[in-house]
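Read the structure below first, then the notes.
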2 protein chains.
Amino acid sequence: MEADVYAKNCPSRQLLDRIGDAWSVLIVGVLKDGPLRYTELAQRIPGVSPKMLTQTLRGLERDGLVTRTVYAVVPPRVDYTLTTMGRSLLGLCEALKDWAEDNIADVVEARDAYDARSVA
Amino acid sequence: MEADVYAKNCPSRQLLDRIGDAWSVLIVGVLKDGPLRYTELAQRIPGVSPKMLTQTLRGLERDGLVTRTVYAVVPPRVDYTLTTMGRSLLGLCEALKDWAEDNIADVVEARDAYDARSVA
DNA sequence: CGGCATCCCCCGGGATACTG
DNA sequence: CAGTATCCCGGGGGATGCCG
């Protein structure tokens, strides 16, 4: 299989979009220690709307990165877990997260410098 | 510096968006072997519109990941190069690209299975 | 609890055309 | 060559409200 993200119509480009999506990265990252319920996910990812949370989870499930388990109890309980493929993405997500956190200071500085230049 | 992508208002989230952006990943990846001109970039990234190319390059430049060098010649010549920080992203971009290309087959399969289930 | 439906607004981003 | 300018459409994504 010769997938090539530099090929215009290669589906691997869509995949790049998915794993680049900030919500996806955050969700995968937060699932690293085990299954979480819908509400727990919402709590650990401040700022995510119910809509985006559901939507992103559905996408991850469809792509085989996350498993959705429904328990037939009252009140309802739904667990989300990483699949094997999802777990293979963990390293990348953490690296992404670490890089962002390590370099944000320099980036902010670069932005200020750039913006100051534009004004002048 | 305590950056935390899981903090709602931390600028590192914006950074996550930037390095997650597919165009950014592709541009950084294609610059790994050295400087390229605007047109060369356009050629090596099929499907990118002039607008998105310029816009993404400006963003990368502003964030201090790419250097833009203008030569005062006719016809005009502009080179784009990775900065040191930009180069520090290279490993990540390649890992992203590799993961996408390695796993797209499984993902497509998972999607088909998921969609078949929905129809039924 | 864990959603899905709806409304609605904003803007990302493609296509096209023009300029220094 | 390396953009900028303009138009325009689709959809991303927030807010709200309802259901099993």
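Heavy-atom basis, side chains included; hydrogens, waters and symmetry copies ignored. Note that this is a predicted model, so its numbers are computed, not measured.
The residues B:Asp79 and B:Arg68 are annotated as not salt-bridged, no charged nitrogen and carboxylate oxygen being separated by less than 4.0 angstrom. Taking the charged nitrogens against the carboxylate oxygens, B:Lys97 and B:Glu101 do have a contact shorter than 4.0 Å, which makes a salt bridge.
Formation of a donor-acceptor pair under 3.5 Å by the B:Thr83 side chain with backbone atoms of B:Gly64 is found in this model. B:Ser24 places a side-chain N or O within donor-acceptor distance of the main-chain N or O of B:Arg18, the cut-off being under 3.5 Å. Side chain of B:Ser49 to backbone of B:Met52: a donor-acceptor contact under 3.5 angstrom is found.
Atom CD of A:Glu109 sits in a sparse spot, with 12 or fewer heavy atoms from other residues, nucleotides or ligands closer than 6.0 Å.
Residue B:Leu60 is tested with B:Leu82, B:Thr67, B:Leu65 for a side chain to side chain contact (heavy atoms under 4.5 Å, CB included); the sole match is B:Leu65.
With a 4.5 Å cut-off on side-chain heavy atoms, A:Arg13 and A:Asp17 do not count as touching. Side-chain contact between A:Leu31 and A:Leu41: present, with at least one pair of heavy atoms (C-beta onward) separated by less than 4.5 Å. In this structure, the side chains of A:Gln43 and A:Tyr38 stay at 4.5 Å or more apart for every pair of heavy atoms.
If you walk DNA chain D from 5' to 3' and mark each nucleotide with an atom closer than 4.0 Å to a heavy atom of chain B, the marks span D:dC1 to D:dT4.
Contacts of residues 31-40 of chain B with DNA chain D (heavy atom under 4.0 Å): B:Arg37, B:Tyr38, B:Thr39.
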Encode nucleotides 4-20 of chain C as B, S and - characters from 5' to 3', where the letter depends on protein heavy atoms closer than 4.0 Å: B to the base, S only to sugar-phosphate, - to neither. S--------BB-----B
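Within 4.0 Å of A:Tyr71, counting heavy atoms only, lies no atom of the nucleic acid at all.
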